[in-house]
2 protein chains.
Amino acid sequence: MANREYHQYCGLSRAAEVVGQRWMLLILRDLTVGPRRYSDLVAGLPGIPTNLLSTRLKELEGDGLVVREVRRGADRSVVYGLTARGLALMPALDALSLWGAGELREPREGEIVTEASLVSGLRVAAGAGSRPGRDAVFVVHVGDATAHVLVRDGEVTVVPGDHGSPDLRITAGPRFRDFLAGAVSPQEAVAEGIVGLEGDASLLDDIAAAFVVPYADS
Amino acid sequence: MANREYHQYCGLSRAAEVVGQRWMLLILRDLTVGPRRYSDLVAGLPGIPTNLLSTRLKELEGDGLVVREVRRGADRSVVYGLTARGLALMPALDALSLWGAGELREPREGEIVTEASLVSGLRVAAGAGSRPGRDAVFVVHVGDATAHVLVRDGEVTVVPGDHGSPDLRITAGPRFRDFLAGAVSPQEAVAEGIVGLEGDASLLDDIAAAFVVPYADS
DNA sequence: CGGGATCCCCCGAGATACTG
DNA sequence: CAGTATCTCGGGGGATCCCG
């Protein structure tokens, strides 16, 4: 790669110069869930070489997708956040997520679910499902990752972490993906222990309708 | 890249394993405009090493995105085409194109417009513009690339090549991009020679309304 | 001539250690 | 915590060659 260019005057080649590099898509995805510290990113990107993350963040900063902000205060931590231009990539990232999820079945050996992937996965699922009816607050645990889901006036907001007092707390493993595909009904999911519930169990039907990630037809 | 995996159980990492490799996005984009021979792909991807194209096509075939078909007949040519799974990537590719086009201004030194980029660019522009009113047939020339645009019942179809007898033939250079952004009005485009017209010049207003590729706000 | 395969070189990616 | 420094290794770039 003498340089990362493609010598074509077109939008896709410009996009490819950014997202067509190793780790870029996942770095950007992690930043779509909110500003992140360097160590947050390292933790959320298992296996990334630290020097490569450093390089990528500089490239993103140079391209105007990311801003590096040194927090002044007790902790002088460094936080990376997306600019408007970076945020504008979200529809494309979500389209790619939806496509890639189509072939997601059994996890491969050693694969984990990160917090950013859970949050963005639920965001994508909300976009592909029907508009939710009842307002509610959910907390979803998959592996070590936790997401906080707010449903209000038919709008869905997903943020990382556990911010307490949900109407329903869901604890699941990788087979939660089969549930989101509709391959496992809410009743089956409970009966087979795919999901553990704490709270108003009837809300699980709402989740099944409003959060959908279909399998690729094949 | 020990392997191309990311050790995350999520759709985006699966997509990144395919799309996050050099040249992959452009290869897939070229195939979205229709089945292509090896030499067509080489011609449409300036600078791609032939061995790398060969490798990528095998990967895509192995991933089920591409089928390699040996045409039986007078010419035993080999044709590569997208499977349904490959075609399902088109919305994501178009979203990336639209995003990348946001910062397209002056062409860089040595950049060209390929046929696939013109066709897919117009396809993306049709998706972002308003629904066209009058039925019409256009032929668009930009550089050496030619696209054939059919507007019928508000639906737009764009195919490569010149299939004759258009209602309007448009010949333009890279500044056609400014026209698609709305930065240059149809009148200005004609007055400044950005577009050359042959046929029903009043149809240029229809094009301006129906084909839009906005600039990134910055 | 279309459709590749083979070669070498070099840069980018991975891993680890270390530092402000 | 937030990177930088250094090393190794494999994949990409580029040219050339090959085969039906």
Side-chain angles (χ1 to χ4, degrees), chain A residues 1-8 13 16-28 30-31 35-63 66-81 110, chain B residues 1-8 13 16-28 30-31 35-63 66-81 110:
Chain A
M1 277 163 275
N3 37 25
R4 60 182 200 178
E5 302 174 9
Y6 287 100
H7 309 103
Q8 291 195 23
S13 77
E17 290 168 11
V18 176
V19 305
Q21 300 200 96
R22 185 136 169 90
W23 289 106
M24 269 299 197
L25 281 169
L26 296 185
I27 293 169
L28 286 164
D30 277 30
L31 292 174
R36 287 286 176 269
R37 290 176 305 176
Y38 191 88
S39 45
D40 297 331
L41 292 169
V42 170
L45 300 166
I48 193 172
T50 169
N51 59 350
L52 187 54
L53 175 58
S54 172
T55 301
R56 290 288 180 267
L57 287 170
K58 280 175 194 154
E59 289 172 352
L60 289 171
E61 204 184 346
D63 292 339
V66 160
V67 281
R68 180 183 194 273
E69 192 181 337
V70 181
R71 283 229 204 284
R72 287 291 162 196
D75 61 335
R76 290 202 300 280
S77 61
V78 181
V79 173
Y80 296 89
Chain B
M1 276 166 277
N3 37 25
R4 60 183 200 179
E5 301 174 9
Y6 286 101
H7 308 105
Q8 291 196 23
S13 76
E17 291 168 10
V18 175
V19 132
Q21 300 201 94
R22 186 136 169 91
W23 290 104
M24 270 297 198
L25 281 169
L26 296 186
I27 293 169
L28 286 164
D30 277 31
L31 291 174
R36 286 288 176 270
R37 289 176 305 176
Y38 191 87
S39 46
D40 297 332
L41 292 168
V42 170
L45 300 166
I48 193 171
T50 168
N51 59 348
L52 188 54
L53 175 58
S54 175
T55 301
R56 289 288 180 267
L57 287 171
K58 280 173 195 155
E59 290 172 354
L60 289 171
E61 204 184 345
D63 291 339
V66 160
V67 282
R68 181 181 192 274
E69 191 180 340
V70 181
R71 282 229 204 283
R72 286 293 163 193
D75 60 336
R76 291 201 298 280
S77 60
V78 180
V79 173
Y80 297 88

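Quick note on labels: first sequence line is chain A, next is B, and so on, each numbered from 1.
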Would you indicate which nucleotide in [options] comes nearest to any side-chain atom of [X]?
X: B:Ser54; options: D:dT4, C:dG4, C:dG14; value: C:dG4
X: B:Leu52; options: D:dG13, D:dA2, C:dG2; value: D:dG13
X: B:Arg56; options: C:dG4, D:dG12, C:dG2; value: D:dG12

In whole angstrom, give the distance that lies between atom [atom1] of [X] and atom [atom2] of [N].
X: A:Leu41; N: D:dA2; atom1: CG; atom2: C1'; answer: 11 Å
X: B:Asp40; N: C:dG3; atom1: CG; atom2: P; answer: 8 Å
X: B:Arg22; N: C:dA13; atom1: CZ; atom2: C1'; answer: 15 Å
X: A:Leu53; N: C:dA15; atom1: CG; atom2: P; answer: 14 Å
X: B:Glu61; N: C:dG4; atom1: CD; atom2: P; answer: 10 Å
X: A:Ile27; N: D:dG3; atom1: CD1; atom2: P; answer: 13 Å
X: A:Leu45; N: C:dA13; atom1: CG; atom2: C1'; answer: 15 Å
X: A:Ile48; N: C:dT16; atom1: CD1; atom2: C1'; answer: 16 Å

Check whether any side-chain nitrogen or oxygen of [X] sits under 4.0 Å from OP1 or OP2 of [N], and answer yes or no.
X: A:Tyr38; N: D:dT4; answer: no
X: B:Tyr6; N: C:dG14; answer: no
X: A:Lys58; N: D:dA2; answer: no
X: A:Arg68; N: D:dG3; answer: yes
X: A:Ser39; N: D:dA2; answer: yes

Subject >> Reference residue B:Arg56; test side-chain contact (heavy atoms from CB on, under 4.5 Å); the match among B:Leu41, B:Ile27, B:Val66 >> reply: B:Ile27

Subject >> Face-on cation placement of B:Arg68 at B:Tyr38 ring, 6.0 Å and 45° thresholds >> reply: no

To the nearest 0.5 Å, tell me how far [X] [atom1] sits from [Y] [atom2].
X: B:Leu25; Y: B:Asp30; atom1: CG; atom2: CG; value: 11.0 Å
X: B:Arg22; Y: A:Glu17; atom1: CZ; atom2: CD; value: 8.0 Å
X: A:Leu52; Y: A:Gln21; atom1: CG; atom2: CD; value: 8.5 Å

Table of protein N/O atoms under 3.5 Å from nucleotides 15-20 of chain D N/O atoms:
none

Original post:
Is there side-chain contact between B:Tyr80 and B:Arg37, with at least one heavy-atom pair below 4.5 Å?
Top reply: no

Original post:
side-chain contact (heavy atoms from CB on, under 4.5 Å) between A:Arg36 and A:Val79: does it pass, once the steps are laid out?
Top reply: CA-CA 5 Å; A:Arg36 287 286 176 269; A:Val79 173; over 6 Å; no

